[in-house]
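Data first, discussion second: the structure below is written as structure tokens.
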Amino acid sequence: GGKWTYTGPHGEHHWSKQYPFCGGTFQSPIDIQTQLLSFDPTLRPIELQNYNLSANEQLTLGNNGHSVLLSLPGKMFISNLPHRYSAAQLHLHWGSSHLPVGSEHTVNGRQFAAEMHVVHFNSDNYPNVSMAADKSDGLAVLGVLIEIGEFNSAFDHILKYINGIKYRDDRVQISAFNIRSLLPVRLDEYYRYDGSLTTPPCYPSVLWTLFKSPISISLQQFQALATAIYSSHQQARPPVPMHSNFRTRQSTDSRVVLCSFQR
Ligand SMILES: NS(=O)(=O)c1c(F)c(F)c(S(=O)(=O)CCO)c(N[C@H]2CCCc3ccccc32)c1F
Ligand SMILES: [Zn+2]
């Protein structure tokens, strides 16, 4: 992406100068206020197809200067949305080793340690994620809140390679695994609202599904993520550590957040 950052002169309060949608409506992330949720019985459990990738497939794990991204094959898709939404990539947002709060969405003001986003695009209507990214029905992102607790062996499929992608534009090939294992057990309990990309260009093109149940990773796993990665190229001086790569919560305006569960 461009030269936008999360802090400093190119930080989020300046994004709208170069990326006008960032100053627009339907922005993400937001604070989920559970007292204001509207239960919608038509919100069925999320159905995922072909998430169980085999170990002899390879995926590209990369550092694009803004996040750690894992490329995903288009054969993975969500099957019970208004269109088929095929997987493109997953990436992470996290805090820092001194301040382990870095989720983008918050729940009743609570910010979690980190957040994972699985980006899908409407493959019924568009040939790829870049063509879909600025269309109102273009993207569907699954959000998973991450808290610090038990060691997460599924997450280690990614974190064990973290030292191979320390610098911007580093990429490594990793063995694929069951991407479903990164998600919470309960795919039937989630928040749903219309929002945007949380990075420039901030297109209001995302159907957000944020699972109610957080997953946990261990403190050691979190520290590895929070301390191993740089936004700068390997030869750049000084090195710029990548942490706290989250956008602050945006106004909900007149949007109503739906939920798939009661109580
Ligand atoms: N939080 S978020 O909104 O889900 C989110 C990010 F946070 C994030 F950093 C990225 S990025 O790494 O591509 C940085 C630049 O957009 C994306 N990219 C998406 C949307 C933009 C177009 C595009 C094209 C190909 C692949 C992925 C994407 C993103 F969607
Ligand atoms: Zn994201």
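Remember, it's 1-based here, ligands and their atoms both numbered in the order they're listed.
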Worksheet item: Centres of the W4 and H66 rings: under 6.0 Å?
Response: yes

Worksheet item: Does at least one non-hydrogen atom of A88 fall below 4.0 angstrom from an atom of ligand 1?
Response: no

Worksheet item: Does the ring centre of W208 sit less than 6.0 Å away from the ring centre of H105?
Response: yes

Item to complete: Considering non-hydrogen atoms only, spot the tightest contact between E147 and A113 and give its length.
Response: CA-CB, 4.3 Å

Fill in: salt bridge (Lys or Arg N to Asp or Glu O under 4.0 Å) partners of residues 66-94, not counting sequence neighbours, each pair once
E57-K75

Worksheet item: Any N/O of S67 closer than 3.5 Å to an N/O of ligand 1?
Response: no

Worksheet item: Is the centre of the F77 ring less than 6.0 Å from the centre of the H83 ring?
Response: no

Response to the item:
Within 4.0 Å of some non-hydrogen atom of S130, the atoms of ligand 1 are 24 (C), 25 (C)

Item to complete: May I ask whether H93 has any heavy atom positioned less than 4.0 angstrom from an atom of ligand 1?
Response: yes

Discussion item. Show the atoms of ligand 1 that are less than 4.0 angstrom away from any heavy atom in N64.
Written reply: 11 (S), 12 (O), 14 (C)

Practice prompt. Could you see which bit of V206 sits under 4.0 Å from ligand 1, with heavy atoms only: side chain, backbone, both or neither?
Written response: neither

Discussion item. If we set the cut-off at 4.0 Å for heavy atoms, which region of L197 has an atom near ligand 1: side chain, backbone, both, or neither?
Written reply: both

Worksheet entry | Check: F177 ring centre within less than 6.0 Å of H157 ring centre | yes

Fill in: Heteroatom proximity flag, H66 to ligand 1, N/O under 3.5 Å
no

Practice prompt. Locate the shortest heavy-atom distance separating V107 from F112; write the atom from each residue and the value.
Written response: CG2-CE1, 4.1 Å

Worksheet item: For ligand 1, which atoms have a heavy atom of H117 less than 4.0 angstrom away?
Response: 1 (N), 4 (O)

Worksheet item: Could a heavy atom of S28 be found less than 4.0 Å from some atom of ligand 1?
Response: no

Worksheet item: What atoms in ligand 1 come closer than 4.0 Å to a heavy atom of L69?
Response: 12 (O)

Item to complete: Look at atom 3 (O) of ligand 1 and find which of T198, L92, D134 reaches it with the closest heavy atom.
Response: T198

Worksheet item: Backbone N or O of N63 within a donor-acceptor pair of the D170 side chain at under 3.5 Å?
Response: no

Worksheet item: About how large, to 10 degrees, is the angle NE2 of H93, then the Zn ion (ligand 2), then NE2 of H91?
Response: 110°

Worksheet item: Of all N, O or S atoms in H117, which has the smallest distance to the Zn ion (ligand 2)?
Response: ND1

Worksheet item: Under 3.5 Å, is there a donor-acceptor pair between the Q221 and D156 side chains?
Response: yes

